[in-house]
Every structure is written in C-alpha cells, then in structure tokens.
Amino acid sequence: MQLNQVVNMFGADLQRRYGEKIHKITLHGGFNCPNRDGTLGRGGCTFCNVSSFSDETQSSLSISEQIRGQVTKITRANRYLAYFQAYTSTYAEVCILKELYEEALKQADIVGLCVGTRPDCVPEEVLSLLSSYRERGYEIWLELGLQSAHDRTLHRINRGHNFSSYQQTASKARQLGLKVCTHLICGLPNEDQLMNMQTLDKVLECGTDGIKLHPLHIVDGSIMAKSWQVGRLQPITLADYTSIAGEMIRHTPSEIIYHRICASARRPTLLAPEWCANRWLGMNSLYQYLLAHGGQGSAL
C-alpha cells in the first residue's frame, strides 16, 4: 500500500484529475509582510525566517525567468502550478498582483496558481481577481497560513491576526469558488495534541479544501531561536509529531486534500529538531503510523 492510499495527497489528486504529473514551481514575487514592515509589527512571527523555505536569490529574477529556470531542471513533469510562496503573496496593490500573477499564467504549460498569504491580507478585490482566473479554467488555490486556531497561541507567536480573520477570509474565498488550503503547525509553544485536534475541528467546521501540516522548525534568525538556545523551548520530537499529525489525518474527512504532511528545512538555517533536516524521516514515520492505525478519515 502506497502513501497516497492512506492519505489523499495533492500530487496524486492532480494526477488523477489531469491525467499526468503536475509539478509545483515555487516563486518569489518580491513581497513583504505587514508583520515585518511595521504595518502590524516588526520581526515577523516568532518562528519565521523565510530563507528556511524560500530561495531569496530568486527575488532578483522576473517571474518568467524564475519559471524558465526551474522548468529546465524538471524531468518528471510537463505541466506546472505556479506557487507564490515567499512572505505574503497578496500584500500589494491589486494592479501589481495582477501583473505578477498573469506573467506566471501566460507561461507555457502553467495550469494555475497557488498563492500563499495571511488570512488578514486578502481583501475582496484580491479574491475577485483570483476568482476571475478560476472562471477562465485555471486551477487556483488560496493558501492561508493559520498555524493555530487558538487566539492565545496566535498572540504568543506574534501572528498579528486572530482565528476570526481566517474564518472570514476562508468563507469568502470558498463562496467565490476558490479552493482554500490551510497551513497548520504542530509543536507550537504550550500546545499539545488536544489543542492541535481542536484546531483541526475548528478548521473543518469553518470549511477548507486542503491542509498543509508542518512540524515547528527552530530556525536561525527567528525569535524562537533565542528561546531554544537558552533552553526555554523544546522542539517537537519525531515520535510526538507522528502521533499528533497521524491522528489529525485520521480525523480528517477523506475528500480533503493534504498538500503536505511533513516539512523539512535547510541547514545551517535549521537549528532544531534535527530530524527536520530530512523530510523523509517524518514522511516515512507517518506512513508507518497510518498503516498501523488506519488512514485518512478512519477515526471518524
């Protein structure tokens, strides 16, 4: 039994619907974040160092150049999703967003967009713009970084928004026919498995089409790194992540698509936990857990 037989994974879902492999190309649109530029705060979320997951060197290239540069290295796919990943990819004037998004969409073999952002940075004009691409037949995913549904945690990690912001944006997006993918982090300070399950329940009640699960990374340059270095913050273990994420997946309806069930970060930016340097450790551990305890939706 393969992983996509115990979890409804995004790659397998795309292959079923398109009849071929669709590769996700990560793009840097040169965006900032209101939690870093002083609009909401400075320093960003306490876990954040965007270089841990995004190639900052791409920001000097145009969207077309970034796409062409990555396509030449891809051998297993001929069609692609353009993923605006770094920082807050709706945080600009709509005219600028339109220019960037459409530069990506006009490239050959791009089937749609994935747009990563914060739930408090998606005004109705942006939702309408994304909806217009969906109406033209493109695959459009709005990826909302929620991390936790607990307002106390959101305040502690300096997110700058509350759960209500997520509820409102997710609801409006889905009313327009946009697909919503919700990002959640396991291992946030003072959160346990029960709180993670409560977050999942609230997200499912609100409505989502996809979920991305991440273990908490302690990365160099983040505020959390300082707490970890003096012993005030313990990173999540592989065993705990496997148990928490595994149960979240087992309590998720089978029609919801998991875009990711684990994540890694690059050294030397990654400080802890060490197992997050190799994404396959988490993936394989979760796979074995789900084989033993039941796959997605089995606990419902």
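Values below: all heavy atoms of this structure, side chains included; hydrogens, waters and symmetry mates excluded. Throughout, residue positions are numbered sequentially from 1 according to the sequence presented.
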| message | Do Val126 and Val94 have side chains that approach each other closer than 4.5 Å (heavy atoms only, starting at C-beta)? | response | yes

| said: Within the supplied structure, the quantity of interest is the number of heavy atoms (other residues, nucleotides, ligands) at a distance under 6.0 Å from Gln229 CD; does it exceed 12? | reply: yes

| request: Check whether any side-chain N or O of Ser285 sits under 3.5 Å from a backbone N or O of Leu281 as a donor-acceptor pair, and report yes or no. | output: no

| Can you check side chain to side chain contact (heavy atoms under 4.5 Å, CB included) on Tyr101 and Thr90, steps first, answer last? | CA-CA 10 Å; Tyr101 298 161; Thr90 58; 3.7 Å; yes

| query | Side chains of Ser165 and Asn162: do they bring a donor and an acceptor to under 3.5 Å? | reply | yes

| said: Determine whether a donor-acceptor pair (N or O, by modelled atom type, separation under 3.5 Å) exists between the side chain of Glu143 and the backbone of Cys181. | reply: no

| query | Under the 3.5 angstrom rule, does the side chain of Gln147 hit a backbone N or O of Thr153 as a donor-acceptor pair? | reply | no

| Take atom CD in Glu102; do more than 12 heavy atoms of anything else shown fall under 6.0 Å from it? | yes

| query | Under 6.0 Å from the NZ atom of Lys98, do we count more than 12 heavy atoms belonging to anything else shown? | reply | no

| Given side chains that start at C-beta, do those of Tyr258 and Leu3 come closer than 4.5 Å, heavy atoms only? | no

| Minimal non-hydrogen separation, Ile22 against Val111, with atom names | CG2-CG2, 4.0 Å

| Quick one: are Met248 and Met197 in side-chain contact, heavy atoms under 4.5 Å? | yes

| query | Side chains of Thr169 and Val180: closer than 4.5 Å at any heavy-atom pair? | reply | no

| field | Short side-chain to backbone donor-acceptor contact, Arg76 and His23, under 3.5 Å | value | no

| query | To the nearest 0.5 Å, what is the distance between CG (Leu144) and NE2 (His161)? | reply | 9.0 Å

| task | Answer yes if Leu113 and Tyr18 sit in the same cluster of Ile, Leu, Val, Met, Phe, Trp and Tyr residues linked by side chain heavy atoms under 4.5 Å apart, and no otherwise. | result | no

| Would you call the rings of Phe10 and His259 parallel, tilted or perpendicular, where under 30° means parallel and over 60° means perpendicular? | parallel

| With no hydrogens and no angle check, is any side-chain donor or acceptor of Arg118 less than 3.5 Å from a backbone partner on Arg159? | yes

| If every non-hydrogen atom of Asn190 is compared with every non-hydrogen atom of Met195, which pair is closest and at what distance? | O-SD, 3.4 Å

| said: Quick check: closest heavy atoms across Thr242 and Leu238, and the distance to 0.1 Å? | reply: OG1-O, 2.7 Å

| request: Over all heavy atoms of both residues, which pair between Glu103 and Ser64 is shortest? Give the atoms and the distance, please. | output: OE2-OG, 2.7 Å

| message | For a quick test of reading the model, state the closest non-hydrogen atom pair linking Leu154 to Leu146 and the distance between them. | response | CD2-O, 3.4 Å

| message | Nearest 0.5 angstrom please: Leu105 CG to Leu100 CG, how far? | response | 11.0 Å

| query | Taking it one step at a time, do Gln175 and Leu127 satisfy side chain to side chain contact (heavy atoms under 4.5 Å, CB included)? | reply | CA-CA 10 Å; Gln175 287 173 11; Leu127 291 175; over 6 Å; no

| Does some side-chain heavy atom of Leu178 sit less than 4.5 Å from a side-chain heavy atom of Tyr133? | no

| Within a radius of less than 6.0 Å around CD of Glu93, do more than 12 heavy atoms belonging to other residues, nucleotides or ligands occur? | no

| query | Are any non-hydrogen side-chain atoms of Ser254 and Asn8 less than 4.5 angstrom apart? | reply | no

| query | Taking atom CZ of Phe163 and atom OG1 of Thr199, what is their separation to the nearest 0.5 Å? | reply | 7.5 Å

| How many angstroms lie between atom CE of Met224 and atom NE2 of His217, to the nearest 0.5 angstrom? | 12.0 Å

| request: Report the relative orientation of the aromatic rings in Trp275 and Tyr241; use parallel for angles under 30°, tilted for 30 to 60°, perpendicular for over 60°. | output: tilted

| request: Report yes if some heavy atom in the side chain of Val219 is under 4.5 Å from a heavy atom in the side chain of Leu271; otherwise report no. | output: no

| query | Are there more than 12 heavy atoms of other residues, nucleotides or ligands under 6.0 Å from atom CD of Gln193? | reply | yes

| message | With a 4.5 Å cut-off on side-chain heavy-atom distances among I, L, V, M, F, W and Y, is there a chain of contacts connecting Leu200 to Tyr166? | response | yes

| query | Taking atom types as modelled, is there a side-chain donor on Tyr80 or Gln107 under 3.5 Å from an acceptor on the other? | reply | no

| request: Give a yes or no on whether Asp192 atom CG has more than 12 heavy-atom contacts from other residues, nucleotides or ligands under 6.0 Å away. | output: yes

| query | Is Glu247 salt-bridged to Arg250, cutoff N-O under 4.0 Å? | reply | yes

| field | Residues Ser89 and Gln85: side-chain donor-acceptor under 3.5 angstrom | value | no

| request: Show your working on side chain to side chain contact (heavy atoms under 4.5 Å, CB included) between Ile157 and Ile185 and close with a plain yes or no. | output: CA-CA 12 Å; Ile157 63 177; Ile185 293 179; over 6 Å; no

| With hydrophobic residues grouped by side-chain heavy-atom distances under 4.5 Å, do Val115 and Leu184 end up in a single group? | yes

| Are Ile25 and Leu14 connected, step by step, through hydrophobic side chains (Ile, Leu, Val, Met, Phe, Trp, Tyr) whose heavy atoms are closer than 4.5 Å? | no

| said: Quick one, Ile96 and Glu99 - any side-chain contact, counting heavy atoms below 4.5 Å? | reply: no

| remark: Closest heavy-atom pair, Arg134 versus Ile140, reported as atoms and distance to 0.1 Å, is N-CG1, 3.8 Å

| said: Counting neighbours of CZ on Arg17 that are heavy atoms of other residues, nucleotides or ligands and sit closer than 6.0 Å, is the number greater than 12? | reply: yes

| Atom CG of Leu300 and atom CG of Leu204: how far apart are they, to the nearest 0.5 Å? | 8.5 Å

| Checking Ser171 side chain against Gln168 main chain: does a donor-acceptor pair fall under 3.5 Å? | no

| field | Separation of Ile63 CD1 from Lys106 NZ (nearest 0.5 Å) | value | 11.0 Å

| For the hydrophobic clusters of this structure (ILVMFWY residues joined by side-chain heavy atoms under 4.5 Å, transitively), does one cluster hold both Leu194 and Val203? | no

| Crowded around Glu205 CD? As in, over 12 foreign heavy atoms under 6.0 Å? | no

| said: Pair Lys179, Glu139 - check side chain to side chain contact (heavy atoms under 4.5 Å, CB included), show working. | reply: CA-CA 9 Å; Lys179 295 180 180 180; Glu139 176 106 5; 3.4 Å; yes

| said: Has His293 got a side-chain atom pairing as donor or acceptor with Gly246's backbone, closer than 3.5 angstrom? | reply: no

| Donor-acceptor pair, side chain of Ser243 and main chain of Asp240, under 3.5 angstrom | no

